[in-house]
K.L.:
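Here it is: the structure, laid out below.
Quick note: numbers below take in every heavy atom, side chains included, and nothing from hydrogens, waters or symmetry partners. Counting starts at 1 for both ligands and their atoms, following the listed order.
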Amino acid sequence: MKAHDGMYIGGAWRPAAGRDRIEVVNPADETVIGAVPAGTAEDVDAAVRAARAAFPGWAATAPAERAALIGALRDVLAARKGEIAETITAELGSPLGFAEMVHVGAPLAVASSYAELAASYSFEERLGNSTVLLEPIGVVGAITPWNYPLHQVVAKVAPALAAGCTLVLKPAEDTPLTAQLFAEAVHEAGIPAGVFNLVTGTGPVAGQALAAHEGVDLVSFTGSTAVGRQIGATAGAAIKRVALELGGKSANVILPGADLAKAVSAGVGHVMNNTGQSCNALTRMLVHRDQYEEAVSLAAAAVATYPTGDPTDPATRLGPVINAKQHERVRGYIAKGVEEGARLVAGGAEAPYERGYFVAPTVFADVTPDMTIAQEEIFGPVLSILAYEDEEDALRIANGTVYGLGGAVWAADDETAVAFARRMDTGQVDINGGRFNVLAPFGGYKQSGVGRELGPHGLTEYLQTKSLQF
Ligand code: NAP
Ligand code: MG
């Protein structure tokens, strides 16, 4: 894989301040596929200065011009689709088909939506004798995780550009090659120098320096709740705006009367996609006591259609998890599930291959709400099936975690499902198999985060208001 030995700052690839490197590992075979510089506070400072210098000019650009440049960026990404998908497969381990369709497809759709929004959004509103101006916040420090290497970047960069903000991105250390390709696309699209800057590096060094930099006006972070809490505290102390997209433990509630086979198979797919490494994965399936054993058998059958293996093999549906640490962590949770008395229906803690960070697709039955596997985010291909007695019990279980990011409800009709969804403490609910929508606000209740991404709600995160009274 091609890697730049530098940081993209002020419209050019510049040498890093330090000499440290981060090796990029292919999680499917544990080989080193490239290396990028590990940024320091000095690199972050140079990038923030570049973003500050570019801010007044970019903020003053007509929204239609920003829209055209976001559209151009989308077109470059689309033209380089194959190369990006291959890079994501190499550094994340995503099956190639999924990489093309979802890892590249979704950010293309998000970029398109912001090209349109930038052109059509009303950056001014009239309220009585006031005109309210919606102005860009300034310089954004964006810190992204590895689970959707391009999508997580575009979900921050596209709205920031649409709003008129400039940015510094610190991508996950596990997936920096996709971020470098993105920076190339920004350059090729003709986005002015300094508007977007990239500093690769580790979280505790480059990430921390970015979150704490006084030249950053908004920190937008996606990742673990533990790091999010720290970033929120740092931003709070500096009275800096912050957006936190954190973990989840989302419930898939199957009410009596729903199409059980469809609900179970979709639910299994939702967890196995991306090897369970989606923040909104529906990792807790809630089934009525009377249908419980039938649902368990259906889930066991569904999971058997997810062969693990080489992500470049078209037959593979389940790639490895991202790294050795997650490999240990996820299998540790499976062992914990067994230890706490859950019934293993498929998979298990044993690694299926000697090489690569593979985890067998795993299903647990007889999971009770207080078990560790029902409470903590596992971030691997592990589904827990819980039984409920009645609707009130289902609601208690669904709402009974510190998280509230995603969710799903299946019922005999949409009305019944919506009535239940209204009572869920969570930011998104799919009704009877509802599909992902790039315009719908994405974000969490409770400890799943602060703020929303995507669509017009995501755009407002990058704006601040000024009122003029007449
Ligand atoms: P993480 O540490 O929270 O990583 C997210 C991003 O934050 C990465 O760019 C990371 O850099 C950076 N970071 C880490 N420590 C930082 C600090 N002190 N200051 C500023 N930035 C910092 O997540 P992870 O370690 O990759 O994964 C651990 C768990 O987080 C997973 O098992 C999963 O439960 C959860 N997770 C959630 C999401 C989500 O979308 N909600 C995504 C990924 C992970 P490095 O790459 O150098 O660590
Ligand atoms: Mg980390």
K.L.:
Any N or O of Thr202 that comes nearer than 3.5 Å to an N or O of ligand 1?
P.N.:
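No: no nitrogen or oxygen of Thr202 is under 3.5 Å from one in ligand 1.
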K.L.:
Taking atom types as modelled, is there a side-chain donor on Glu376 or Tyr333 under 3.5 Å from an acceptor on the other?
P.N.:
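Indeed, the side chains of Glu376 and Tyr333 share at least one donor-acceptor pair under 3.5 Å.
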K.L.:
What is the ring orientation for Trp13 with His4, classed by angle as parallel under 30°, tilted 30 to 60°, or perpendicular over 60°?
P.N.:
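Parallel, since the angle between the ring planes stays under 30°.
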K.L.:
Counting from 1, what ligand 1 atoms have a heavy atom of Pro145 closer than 4.0 Å?
P.N.:
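Result: 42 (C), 43 (C).
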K.L.:
Heavy-atom distances under 4.0 Å decide this one: backbone, side chain, both or neither, for Ile322 against ligand 1?
P.N.:
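For Ile322, there is no contact with ligand 1 at all, from either part.
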K.L.:
Only heavy atoms of Lys170, strictly under 4.0 Å: list the atoms of ligand 1 that pass.
P.N.:
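It comes down to these atoms of ligand 1: 8 (C), 9 (O), 10 (C), 11 (O), 45 (P), 46 (O), 47 (O).
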K.L.:
Closer than 4.0 Å to some heavy atom of Thr144 - which atoms of ligand 1 meet that?
P.N.:
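In order of numbering, the contacting atoms are 6 (C), 8 (C), 9 (O).
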K.L.:
Which bit of Thr222 is near ligand 1, meaning a heavy atom under 4.0 Å away: side chain, backbone, both or neither?
P.N.:
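Both backbone and side chain.
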K.L.:
Can you figure out which of Glu173, Glu377, Gln230 has its heavy atom closest to atom 18 (N) of ligand 1?
P.N.:
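Result: the heavy atom closest to atom 18 (N) of ligand 1 is in Gln230.
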K.L.:
List ligand 1 atoms under 4.0 Å from Val227, heavy atoms only on the residue side.
P.N.:
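What qualifies from ligand 1 is 2 (O), 3 (O), 13 (N), 14 (C), 15 (N), 16 (C), 17 (C), 22 (C).
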K.L.:
Decide whether an N or O pair under 3.5 Å exists between Gln326 and ligand 1.
P.N.:
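By distance alone, the answer is yes.
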K.L.:
Could you tell me, atom by atom, which parts of ligand 1 come under 4.0 Å of a heavy atom of Ala172?
P.N.:
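Counting atoms of ligand 1 from 1, those under 4.0 Å from Ala172 are 9 (O), 46 (O).
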K.L.:
Would you call Arg52 and Asp45 a salt bridge, taking side-chain N to carboxylate O under 4.0 Å as the test?
P.N.:
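Salt bridge flag = no for Asp45 with Arg52.
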K.L.:
With a cut-off of 4.0 Å, which atoms of ligand 1 are near a heavy atom of Cys279?
P.N.:
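Checking each atom against Cys279, I get 39 (C), 40 (O), 41 (N).
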K.L.:
What is the ring orientation for Trp146 with Phe379, classed by angle as parallel under 30°, tilted 30 to 60°, or perpendicular over 60°?
P.N.:
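Rings of Trp146 and Phe379: perpendicular, as their planes differ by over 60°.
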K.L.:
Which ligand 1 atoms, with their elements, are less than 4.0 angstrom from a heavy-atom of Gly207?
P.N.:
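Every atom of ligand 1 under 4.0 Å from some heavy atom of Gly207: 19 (N), 20 (C), 21 (N).
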K.L.:
Whether Arg14 and Asp43 form a salt bridge (side-chain N of Lys/Arg under 4.0 Å from carboxylate O of Asp/Glu) is what I want to check.
P.N.:
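Not counted as a salt bridge, because no side-chain N and carboxylate O are separated by less than 4.0 Å.
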K.L.:
Is there a polar contact, in the sense of an N or O pair closer than 3.5 Å, between Trp146 and ligand 1?
P.N.:
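Yes; the residue has a nitrogen or oxygen that sits under 3.5 Å from a nitrogen or oxygen of the ligand.
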K.L.:
Give a yes or no on whether a salt bridge exists between Glu184 and Lys2, defined as a side-chain N under 4.0 angstrom from a carboxylate O.
P.N.:
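A salt bridge is present here (some side-chain N lies under 4.0 Å from a carboxylate O).
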K.L.:
Would you say the side-chain atoms of Glu461 and Ser220 include a donor-acceptor pair closer than 3.5 Å?
P.N.:
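Not at all, the side chains of Glu461 and Ser220 share no donor-acceptor pair under 3.5 Å.
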K.L.:
Go through the structure and list residues passing salt bridge (Lys or Arg N to Asp or Glu O under 4.0 Å) with Arg329, not counting sequence neighbours.
P.N.:
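Result, salt bridge (Lys or Arg N to Asp or Glu O under 4.0 Å) vs Arg329: none returned.
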K.L.:
Indicate whether the side chain of Thr312 and that of Asp310 have a donor and an acceptor atom separated by less than 3.5 Å.
P.N.:
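Yes, because at least one side-chain N or O of Thr312 sits under 3.5 Å from a partner of the opposite role on Asp310.
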K.L.:
Hey, does Leu246 come in under 3.5 Å of ligand 1, counting only N/O atoms on both sides?
P.N.:
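Between Leu246 and ligand 1, an N or O pair is found under 3.5 Å apart.
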K.L.:
With distance as the sole criterion, is a donor-acceptor pair present between the side chains of Thr200 and Gln180 under 3.5 Å?
P.N.:
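No, no side-chain donor-acceptor pair sits under 3.5 Å.
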K.L.:
Which atoms of ligand 1 have any heavy atom of Gln152 under 4.0 Å away?
P.N.:
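Here the atoms of ligand 1 in question are 40 (O).
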K.L.:
Run the contact test for Phe221 against ligand 1 with a 4.0 Å cut-off on heavy atoms, strictly below, and give the result.
P.N.:
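Under 4.0 Å: yes for Phe221.
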